[in-house]
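Remarks on the structure that follows.
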Amino acid sequence: MTAEEVLEGLDEEQREAASTLTGPLCILAGAGTGKTRAITHRIAYGVRAGIYDPHRLLAVTFTARAAAEMRSRLNSLGAPGVQARTFHAAALRQLQYFWPLAIGGTMPQILDHKVRLLAEAARRLHITTDRASLRDLASEIEWAKVSTLTPDSYLEVAEQGAGRAEPGGVDHRTFAKLYQSYEDVKLDKHLIDFEDVLLLTVGILEDDERVAAQVRQQYRHFVVDEYQDVSPLQQRLLDLWLGGREEICVVGDAAQTIYSFTGATPDFLLNFTGRHQEAKVVKLIRDYRSTPEVVQLANTLLSDRTREQARLTDPPAWSDPLRLVSQKNRGPAPQLTQHADDDAEAAWIAEQIGVLQERAVPLSEIAILYRTNGQSQAFEQALAQAGISYQLRGSERFFSRAEVREALAALRTSSLVEEGGDTVPEAVRAVLSSHGWRREAPETTGAVRERWESMAALVSLADQLDAEREDFTMKAFLAELEERSAAQHAPTVEGVTLASLHSAKGLEWDAVFLAGLNEGLMPITFAKEQKEIDEERRLFYVGITRARTYLSMSSASSRHSGGRGKRQPSRFLRPLRRELGLEEPTRRIAPSSGSKNPNSSARSKKTATCSTCGTVLSVPTEVKRRRCAECPARYDEALFERLREWRSAQAEELEVPAFMVFTDATLEVIAEKRPSSDEELLKVPGVGKSKLEKHGESVKKVLAESA
Ligand code: ATP
Ligand code: MG
């Protein structure tokens, strides 16, 4: 392939970018406009034209996968041998190479996970914390390090202005101490972490002229893709590599900034011409990836925010993004559907994938994208059930996750001591409440939330099966989990991609399903400030623009089967619905998973109503106490507290967990009805013969005392 032939596959603007081989260059363009394509062609063209020595050019991209993709494209364009790496991989190579010269001795090992060292750091400071919080504290350390903050400067920054959210349940001062202690433990053990790789490389390049000169001699030209998500630390490294030279090409789309929470910022992209006065700027607006239908929705999503700007008081910066223009033929109308619950939504998506398969869309060209990794379980299950293979990107399969394995172990243990009384969902809730589950989703980001999502998926499964099956037992539940785990572990070849929206950046598929588009997930609960909501909107934008032809957006009205449907569809869907000409969401309330089993008449049999307001109840705890969550308690709260104290003492004496004595729901009914005889006690849901025998006398005594 000649140099000129390399340029043939490009449009006019792309060609202009690709043939500008020297001097600072900035390609600012929207999703799917061929940014990545333009820079790979630019590199290949430069190499073919003899301007670039392939060994002296460094291309930096966001993920290892994107780097591999870029190398293979360069190969096929006739430019093999170019280095395409992530910042991390490039820094690591340099650090390994220069360590003996610049620092001496052998390079320390790199830590896999921060949590263990951090736990030790916490112990040294006598701070008690749990595993999920430790993971959030580790993320905060990562943020501080890529923002080039030391424990001292962290404190200053964290307490400035409105302040940074307090991480992992500790205040900023304590966090700064933990951060310092973590660094000390790491040094003592002669280890370095992921961020140290960049920090140390930066340190060596700043302090050692010999090393800096050698690196600059090696690399003459630099190219950075996805530049809108560069962190201050990566930028510092890039500046050191450049050493004042101007041979730099950056590519990005500020509307796709989705890693601000890790310390990335689009400011470097947006101020590029300020730092490089001579820079040439190329803008691309032709979208080669997606159909006009998909592009229109992407444009609407962003312009909806632009319209809002004037109405907001003190709004964060929002520059009007370029309107994309699709270059493709018209395609199918995007779908917008709403479902009864998560499982119904997943089942519907699996069904749609079956339809696409019939239309000869390969599975590898289909993706299901969601906001949090915890959401994957419903899809893993629905796909496994439909016999459709899949692969997860950027996270572990549901049943391989540490918290899920822990939860299953706890459920197994509890099932050995189970003796009836509680329904399975109650027992599951009780057991999992010591593993991170509570009724409401936590208002935090990161590991605590992911953990909760996993627990909530198990709770919801218990509710669903309990509603479907008669005489559902813990043993049956565990057997079901085993079965599902085996199905989800089946080795897969080519399959549907399941991925979080974050890990989908830069990628594309023929068909994309954006699932779980509900308030609380999109935007996620913890996005409160306008700038956080804006980032969620960009994340949704990234999702929409991954689709070439088919786009489906769906939401579910409740998390679990039989729920009361109180979840709202995402606010971001409103303008899209107008665009699609749909006043109301296309209500395709697929049959809730609970009624899928034709043999199941259990649901109707179980119909119960709230004794105060008459709402039909289906959440087992609510059924049991015959009161919905909204209606006020009808029992004496002081008596309820007294009963809880009694339960703790009783549990301790019998050496069983408290819920094995009576669950909260049972105690509430006891507090309400104040049963005074064995017959009355037996009428309380959750009190059977064996419980009456064990606890009857004792609980009657408490009631008598408080009468
Ligand atoms: P993102 O912002 O999502 O990273 P991008 O701007 O990097 O997107 P690319 O991935 O480079 O876009 O291109 C999107 C799709 O359009 C690819 O399939 C690419 O091959 C195709 N494409 C880009 N430019 C052209 C062109 N001039 N002719 C034909 N196809 C093109
Ligand atoms: Mg790209």
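All ligand and atom numbering here is 1-based and tracks the order in the structure.
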Just to confirm my output: which protein heavy-atom neighbour is closest to atom 24 (N) of ligand 1, and how far is it?
Gln14 NE2, 3.0 Å

Centroid-centroid distance, His502 to Phe261, less than 6.0 Å
yes

Please state whether Gln327 comes within less than 4.0 angstrom of ligand 1, counting heavy atoms only.
no

Aromatic contact between Phe62 and Tyr259, with the criterion being ring centroids under 6.0 Å apart: yes or no?
yes

Is it true that Gly506 lies under 4.0 Å from ligand 1, counting heavy atoms only?
yes

For atom 18 (O) of ligand 1, what's the nearest protein heavy-atom neighbour? Residue, atom name and distance, please.
Glu508 OE2, 2.6 Å

Are Thr33 and ligand 1 in contact, using a heavy-atom cut-off of under 4.0 Å?
yes

In short, Leu10 meets Ala18 closest at the heavy-atom pair CD1-CB, 3.6 Å

Provide, to 0.1 Å, the distance between atom 22 (N) of ligand 1 and the closest protein heavy atom, together with that atom's residue and name.
Tyr288 CB, 3.4 Å

For atom 10 (O) of ligand 1, what's the nearest protein heavy-atom neighbour? Residue, atom name and distance, please.
Arg289 NH2, 3.1 Å

Could you tell me how the ring of Tyr52 sits relative to the ring of His221: parallel (under 30°), tilted (30 to 60°) or perpendicular (over 60°)?
tilted

Would you say Glu226 touches ligand 1, if touching means a heavy atom closer than 4.0 Å?
yes

Nearest non-hydrogen protein atom to atom 23 (C) of ligand 1, with distance, is Arg37 CD, 3.2 Å

Close approach of Asp11 to ligand 1, heavy atoms, under 4.0 angstrom:
yes

